[in-house]
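Worksheet: one structure, shown below.
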Amino acid sequence: MTNWIRREHVAISVKANNWQEAIQASGNLLLHTGAITEDYIFQMIQSVKENGPYIVIGPGIAMAHARPSEAVREDAISLAVLERSVSFGSEENDPVDLVFSFSAKGSDSHIKLIEQLSHVLLDDDKVTQLRQAESEEELYKII
Amino acid sequence: MAKLKIMTVCGFGLGSSMVLKMNLDGVLKDLGIQADVFTGDVGSAQSTPTDYIFTSKELGKELQQTAGKPVIIIHSFVDKAEIKEKVEAELQA
């Protein structure tokens with residue numbers, strides 16, 4: 001399994017006081033490497049405002065994303081592990097401490113990335129390890 | 001019997017619905033159920049011909065009123081046990 005997530009796109013002990021800050025922080029990881037523009041982060045937050053917290057796909061796990069657009073430069077996934085979990089307003093799966101952001105240039109190009117991601121998320125042991133990682137290096141290795 | 005058509009739905013039809021599709025594909029295969037699973041966005045869910053819709057609670061509540069076909073709500077898209085339980089309850093009834 002190679003490089004479906006970049007080392008620069010993972011972070012631990014990320015501070016966020018609410019779900020907007022959590023998406024912003026996770027999105028910033030993609031922004032810093034130029035995978036997306038600032039607009040995309042706005043769109044990801046807007047999507048939750050419009051459609052509700054459906055991006056919280058499992059217990060404590062959010063996958064923020066928006067539509068493919070010019071705000072996306074690269075198919076990519078980031079992961080911000082929050083220092084303290086936040087509420088997304090999801091009845092079933094709050095509070096959230098694993099915040100993935102995911103960007104796609106087209107509607108098919110990213111499928112491999114999602115496949116790798118869901119593989120990790122189905123594995124409860126791995127998900128626990130993600131939460132416990134003590135360095136970004138460790139986090140990256142688990143993934 | 002014709003192959004079942006199942007649509008997984010999220011806001012844009014490419015992120016969380018894709019995760020659900022992959023896990024649902026796995027469950028259907030384990031159970032030996034033949035089905036075409038495809039993703040879609042919430043806007044097109046009503047008008048797309050399909051036998052079943054799988055989605056989240058947030059999106060599902062409204063679709064249950066409007067979709068005119070069975071809408072199955074999955075709480076965790078990454079919990080194969082839950083998906084399997086609901087497939088068995090709804091599709092094999």
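Keep in mind that the numbers below use all heavy atoms, side chains included, and drop hydrogens, waters and symmetry copies.
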Stepwise side chain to side chain contact (heavy atoms under 4.5 Å, CB included) check, B:E58 with A:V56: CA-CA 10 Å; B:E58 288 80 17; A:V56 184; over 6 Å; no

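Shown here for B:V78 and A:L121, the closest heavy-atom pair between the two residues is CG1-CB, 3.5 Å. Shortest non-hydrogen contact noted between B:G15 and A:I114 is O-CD1, 4.0 Å. When all heavy atoms of A:N51 and B:L59 are compared, the pair lying nearest together is O-CD2, 3.8 Å.
In this structure, chain B has a heavy atom under 4.5 Å from the side chain of A:F102, while its backbone stays farther away. With a 4.5 Å cut-off on non-hydrogen atoms, A:I61 touches chain B through its side chain but not through its backbone. Contact of A:A66 with chain B is made through backbone and side chain together, with heavy-atom distances under 4.5 Å. Looking at B:S56, the atoms closer than 4.5 Å to chain A (heavy atoms on both sides) all sit in the side chain, from C-beta outward. For A:N93, the part lying near chain B is the side chain, with the backbone staying farther off; criterion is any non-hydrogen pair under 4.5 Å.
Considering only heavy atoms from C-beta on, A:H65 comes within 4.5 Å of B:S16 through its side chain.
Listed options A:P59, A:P53, A:S90 were ranked by heavy-atom pairs under 4.5 angstrom with chain B; first place goes to A:P53.
In this structure, A:Y140 is a member of the same hydrophobic cluster as A:I142, with clusters built from ILVMFWY side-chain heavy atoms closer than 4.5 Å. A:I57 and A:L122 end up in different hydrophobic clusters when Ile, Leu, Val, Met, Phe, Trp and Tyr side chains are linked at under 4.5 Å. Residues A:V96 and A:L29 fall into different hydrophobic clusters, defined by Ile, Leu, Val, Met, Phe, Trp and Tyr side chains chained together at heavy-atom separations under 4.5 Å. When the side chains of ILVMFWY residues are joined at heavy-atom separations under 4.5 Å, either directly or via intervening members, B:L31 and B:L20 end up in a single hydrophobic cluster. Residues B:L91 and B:M7 share a hydrophobic cluster, clusters being chains of Ile/Leu/Val/Met/Phe/Trp/Tyr side chains in contact below 4.5 Å.
Around atom NZ of B:K57, more than 12 heavy atoms belonging to other residues, nucleotides or ligands sit under 6.0 Å away. Residue A:F42 places its CZ atom among 12 or fewer non-hydrogen atoms of other residues, nucleotides or ligands, all under 6.0 Å distant. Around the CZ atom of A:R84, the shell of radius 6.0 Å holds no more than 12 heavy atoms that belong to other residues, nucleotides or ligands. Within a 6.0 Å radius of CD in A:Q129, more than 12 heavy atoms belonging to other residues, nucleotides or ligands are found.
At distances below 3.5 Å, not a single donor-acceptor pair connects side-chain atoms of A:Y54 with backbone N or O atoms of B:C10.
Atoms CG and CG, on B:D79 and A:D124 in that order, are 7.5 Å from each other to the nearest 0.5 Å. Note that the CD1 atom of A:I111 and the OG1 atom of B:T39 stand 7.0 Å from one another [nearest 0.5 Å]. Note that CG of A:L113 is 11.0 Å distant from CE of B:M18, once rounded to the nearest 0.5 Å.
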